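Please read all numbers here as calculations on a predicted model, not as lab measurements. In listed order, ligands and their atoms are each counted from 1.
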Amino acid sequence: MTSLMTQLVHSGNQNSGVRPVNPPLERASTFLFDSVHDIEAAKKCRFEPGNIFYGRLGTRNGYAFEDGVSELEGGSYSLSVPSGLAACTLPALAFATPGSRILVTDNIYDPARGSYSKFFARIGVEVVYFDPRIGEGIADLMTDNTTLVFLESPGSLTFEVQDIPAISTAAHARQALVCCDNTYATGYFHRPLELGADIVMQAATKYIVGHSDATLGVVTCKNIEAYRELKEAANWVGYSVAPDITWVAQRGLRTLPVRLEQHQANGLAIAEWCQAQPEVATVFHPGLASHTDHLLWKRDFTGASGLFAIQLETRDKTQAVTFVEALELFGLGFSWGGYESLALISDPRSCRTATSWEDDRIVVRLHAGLEQAADLTADLEQAITTAFR
Ligand SMILES: *Cc1c(COP(=O)(O)O)cnc(C)c1O
């Protein structure tokens, strides 16, 4: 069996005949069939993986990309959706019903908290948030009508790592499904499906696309029954992903491992550097021995990506603004996972309900891009000097 790195380089490619290196981009809403019999046969299978019926329900470029993601995540079936946020909500669209309960980690991606708290609560789903470090204690929140447990490990703002094996055991004892947002690590560094989760999703917008030029979500599961439910739910709400986007994302998949290795090296280098600065109170990076969940991370992850946060000593927003605005190599912007470095002032106090974040010192989230690490630390140093020294 070849390594994942090799599989991703070759995934979805034709391997005989005179052919382009890359799968051709095939755009279509309508596909033509030779007979009514063929149309009816395709319609019957419209929620099956690989079926070509109508553009919205799947394209050859989409399926080729999804097969690559299934390899990446160690799953069997994947489904693309228009954004990472759509991937956060699709499992609940498919598996929550009015009167059912879903359990959601308190460190969830904040816009998804909006979807759960506003949309799903409005249609009668009971949404209960829990401490990301709850572990097997989640058993106390499980009820017979709990259908889904939603994790994000590590949290992409505050970096708590969740104990997927313990949480999955407790959930499965009550027939609930476990879904994990794996955007931070991707299957290259973390395999929730192998740790016990039933569904894994990610914002392909981030590391898979890798160049900050498309939004895309992808959901992966182990069994065909779950895939059919997810695909049917995606169709209820009319999701459709253009083949152009999955084509670009498949190109990203091929270079994902090498990029992630560099993001990891740069992230660790600048996190360690930050830890040594008197202006930095805490560094939230699960790969550092000082991180609360470092041992859990070491048990379940094979690497860290380029995203982490620092808590400054200062409570003075103006000073923090001066710091981030003085950065020259780190852009100011949302999202992450592209080749570029980014900085974002964030406020964890505003995005939690099951736990509290009391510390009011300013948090800055950093994304280490693919630049030289020494250039990034030099940039941080000049910005710290400008703002604080
Ligand atoms: C960005 C992000 C999302 C949402 O992705 P979009 O493509 O921007 O909708 C979901 N989860 C996590 C952890 C993210 O960082």
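With contacts defined as side-chain heavy-atom distances shorter than 4.5 Å, the pair Leu72/Thr186 qualifies.
Between Phe334 and His367, a ring centre-to-centre spacing not shorter than 6.0 Å is recorded.
The 4.0 Å heavy-atom shell around ligand 1 contains residues Ser83, Gly84, Leu85, Cys88, Tyr109, Glu152, Ser156, Asp181, Thr183, Ala203, Thr205, Lys206, Trp336, ordered by chain and number.
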**Message:** Please evaluate residues Arg113 and Thr353 with respect to the criterion side-chain hydrogen bond (donor to acceptor under 3.5 Å, both in side chains), reporting the C-alpha separation (whole Å), side-chain torsions for both, the decisive distance (0.1 Å), and the verdict.
**Reply:** CA-CA 10 Å; Arg113 176 188 286 272; Thr353 50; 3.0 Å; yes
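For the ring pair (Phe, Tyr, Trp, His ring centres under 6.0 Å) with Phe284, the qualifying choice from Trp357, Tyr184, Phe159 is Trp357, the only one to do so.
Comment: Arg389 engages Glu381 in a salt bridge, judged by a side-chain N to carboxylate O separation of less than 4.0 angstrom.
Shown here are the ring pair (Phe, Tyr, Trp, His ring centres under 6.0 Å) partners of Phe119, two or more places apart in sequence or in another chain: there are none.
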